[in-house]
Amino acid sequence: MAVPFYDDNLYTLNVKNEQDAKASELFPSVESLTAATKDPLPPSSVLKQLAVAVEAGSKVKSMKEFIASSGGSSPAKERAGLSLSAVKALVLREKEDGQTSEFTSNEKVVQLISSLFDPEGDFLTRKIDSNTEETAMTSLPRDIHGAPPESLVVKLAEILGNYRTVRKMALFWCCVVAEVRKLWSEEQHLPGVPKNEIPDLNSCLLYQHFQLINCCISRKRFRVVATESLDSMVMQASSDAKESSNYNAGAPASPVLYARLNSGELVLRLGANHPAGDMTLLETGEPVYSPVTQDGPLLTEDLIRETEEFVLRTGSVGAGCSQLLSDMQAFKAANPGCILEDFVRWHSPPDWTDNEASVEDSDVFDSGESLSAKGQLSRRMQKEGNLWRELWETSKPVPAVKQAPLFDEDLAVEGILHAFEDIHPSDLFVQLFVSLLGLGFAIAEPMLSSNSDFSKLFYDCKEYIIAACQSNKLHEKVDDLVQAYETVERMLLNPEEALKMIKQTDESTMVTDEPKSPLKRLRLIFAGKDKLLRKSLSKDQLNDDEKPGRQSFSSFFDSKSSLFSKKPPKSGSPSPAEKSSLDVSWTSA
């Protein structure tokens, strides 16, 4: 093979060989992740990588910028001149672009996406002991605004945390968005997410969006089935028109439902769901049927904020009027011969009062009896210009499936997918971080809650992460949360070492006569763990997230007056003297 003429080309080939050699390290496999599920809980290294991504993502504004910035130098610098170094940067950037286009076709990436979205598979399924009260165990992810254990969000978090570079993490997210878009276009539900549940506002926004997508798919499927059923019923009614004279209003023998008007004419009921108890229409005496109505809008926490702001800004109540008009039209279609009073009795019972005499004789229908003798509407319904009466007069009998949708599923999901593509990296990774954190603690709680040696420390850690996740400075506390997670991990995987660390801390507090407050005890335990860890690591093994510019868990408790308002320390490691001074001032406070 001929050697390239230019040294820069030779340099590029050497770089490619090095990259190829490390390629396997950058791409976790289905097999390696499946093997990791044998551990009691996800390793802390996965959570650390998500913490790194949270910090790196906070420095950019979009996922596209995040991918570009983590791939090399900026384009502006590359175009600043025509030096050899600039040309070399351009060559490397072209190579990075090529790697980006090849990422989605990488065999390991394809397998991971396939396993993650396999509706029948059990990929990354971890066993959670249910000996502890289930409600208490599963409440933690909701308390910290994460996602349910074993959900799609949690599995995605574990996959991304196994990548070695934040750029690969961002590229995998792009693959996930593409797969979600594909499933939406095929009307296939997302696995690991309920198929027809309204968004859980106590979960993270990402999980809420996944719930909304599945709800929209379910609604579209239902609309297709309901439309086909209605069309089939109309065709059957048309073919049975000659036999309709044999219709028995009290017990129809045919699945096709009719209502008889005062004129004796039989009119087909459209969109009738089920009888509304023993209620009958005031003018015809026919049974009242509850119609199939349109579902209301699906709202996630961001959409609720936008709606509230819109209502406060404009004073609009349009959404409520649209829903009321839709219900009226569906009621008219299901109950031919009905009047406004019938609808009010069904839709808003408190706004209708039956006369006592009418109630006593309810089993005998008198078509000649005046309406006022049967009951009356409430005062608000009788007022001139009442909105309900105005809407009733303009409404037409139209079944729900034939109405214009109140909630545009296509528009809503397209907006979510667009938001996924432009999501702020830090916002994405912090949701994944918290969700995986919640899984780890949910798994550990049944194992440690009944352990006399570790239960107190575990619940101190749990209380801390709940308070930290509910604070408005969560992005600043990811390193501290990692240390809390590492402590729980150590209690599970290396209980002897963890117990020794706790005893040493307790003994040191006894010598110095320090109060054994939970916060101070946690601080000393974490400080001791950090000391042991740094002794076992060489300098070149330290991760980027251990650089002096980042706040440690122990420094979190330096301020007693404001537990969760501690600001990050200035860059630069404190000297031994400063550290000693800090410890003295803390213990004497």
Side-chain angles (χ1 to χ4, degrees), residues 24 26-39 41-43 45-47 49-50 53 63 67 100 102-128 141 146-195 203-214 217 413 416-417 419-421 423 425 428-429 431-440 442-443:
S24 59
L26 301 178
F27 292 90
S29 65
V30 172
E31 293 77 16
S32 62
L33 290 174
T34 301
T37 59
K38 296 179 181 179
D39 296 330
L41 69 166
S45 59
V46 176
L47 203 66
Q49 185 62 17
L50 290 172
M63 192 63 72
I67 294 174
T100 300
E102 294 173 1
F103 186 88
T104 56
S105 60
N106 180 276
E107 182 179 355
K108 291 184 178 180
V109 174
V110 172
Q111 290 178 350
L112 281 175
I113 292 292
S114 176
S115 299
L116 178 63
F117 288 95
D118 182 4
E120 304 297 332
D122 57 354
F123 180 56
L124 288 181
T125 298
R126 293 180 179 274
K127 181 180 179 181
I128 300 180
E150 308 302 338
S151 67
L152 177 62
V153 174
V154 172
K155 293 181 179 182
L156 173 61
E158 187 164 358
I159 291 176
L160 290 179
N162 274 276
Y163 277 99
R164 299 288 296 277
T165 68
V166 293
R167 188 168 186 272
K168 291 292 190 297
M169 297 168 73
L171 289 173
F172 190 86
W173 167 250
C174 294
C175 294
V176 169
V177 175
E179 186 67 19
V180 172
R181 183 180 290 278
K182 174 187 173 185
L183 293 176
W184 163 250
S185 65
E186 298 173 351
E187 295 188 7
Q188 299 296 320
H189 289 103
L190 303 180
V193 180
K195 293 183 178 180
S203 297
C204 66
L205 185 58
L206 179 60
Y207 184 72
Q208 293 178 43
H209 283 160
F210 285 163
Q211 284 183 297
L212 188 145
I213 291 174
N214 270 4
I217 292 174
V413 174
I416 289 176
L417 294 175
F420 283 170
E421 293 171 349
I423 191 172
L428 169 65
F429 291 121
Q431 293 180 73
L432 298 174
F433 175 90
V434 170
S435 297
L436 192 63
L437 181 72
L439 171 65
I443 294 175

Residue pair Leu112, Phe172: steps toward the side chain to side chain contact (heavy atoms under 4.5 Å, CB included) verdict: CA-CA 10 Å; Leu112 281 175; Phe172 190 86; 3.9 Å; yes
Minimum heavy-atom distance between [X] and [Y], given as atom pair plus value:
X      : Y      : result
Ala157 : Leu50  : O-CD1, 3.8 Å
Cys175 : Ile113 : CB-CD1, 4.0 Å
Leu152 : Pro191 : CB-O, 3.3 Å
Trp173 : Leu160 : N-CD2, 4.4 Å
Leu439 : Pro149 : CD1-CB, 3.7 Å
Ala147 : Pro141 : O-CB, 3.4 Å

For Gln49, side-chain hydrogen bond (donor to acceptor under 3.5 Å, both in side chains) partners two or more places apart: none
Ser32: partners by side-chain hydrogen bond (donor to acceptor under 3.5 Å, both in side chains), with sequence neighbours left out: Ser29
Report yes or no: does [X] contribute a side-chain atom to a donor-acceptor pair with the main-chain N or O of [Y] at less than 3.5 Å?
X      : Y      : value
Gln431 : Leu206 : yes
Ser114 : Val110 : no
Asn214 : His189 : no

Pairing residues for Leu41 by the side chain to side chain contact (heavy atoms under 4.5 Å, CB included) criterion, not counting sequence neighbours: Ile443, Tyr485, Leu492
Pairing residues for Pro194 by the side chain to side chain contact (heavy atoms under 4.5 Å, CB included) criterion, not counting sequence neighbours: Glu197, Tyr207, Gln211
Evaluation steps, side chain to side chain contact (heavy atoms under 4.5 Å, CB included), between Leu33 and Phe123: CA-CA 9 Å; Leu33 290 174; Phe123 180 56; 3.9 Å; yes
Partner set under ring-ring contact (aromatic ring centres under 6.0 Å, His included) for Phe210, not counting sequence neighbours: Phe420
Indicate yes or no: at least one non-hydrogen side-chain atom of [X] is less than 4.5 angstrom from one of [Y].
X      : Y      : value
Ile159 : Leu124 : yes
Pro119 : Leu190 : no
Val176 : Phe117 : yes
Leu47  : Pro42  : no

Side chain to side chain contact (heavy atoms under 4.5 Å, CB included) evaluation trace for Val434 with Cys204: CA-CA 9 Å; Val434 170; Cys204 66; over 6 Å; no
Nearest-0.5 Å distance, CZ of residue Arg164 to CE of residue Met169: 12.5 Å
Approximate separation, where rounding is to 0.5 Å, of Ile213 CD1 and Gln208 CD: 12.5 Å
Salt bridge (Lys or Arg N to Asp or Glu O under 4.0 Å) contacts touching residues 115-124 (sequence neighbours left out): none
Inter- and intrachain pairs under salt bridge (Lys or Arg N to Asp or Glu O under 4.0 Å), touching residues 170-188, at least two apart: Arg181-Glu414, Arg181-Glu421, Glu187-Lys220
Sequence neighbours excluded, every pair satisfying side-chain hydrogen bond (donor to acceptor under 3.5 Å, both in side chains) that has a member inside residues 149-161: Arg126-Glu158
Audit row: Leu436, Leu432, side chain to side chain contact (heavy atoms under 4.5 Å, CB included) steps and yes/no: CA-CA 6 Å; Leu436 192 63; Leu432 298 174; over 6 Å; no
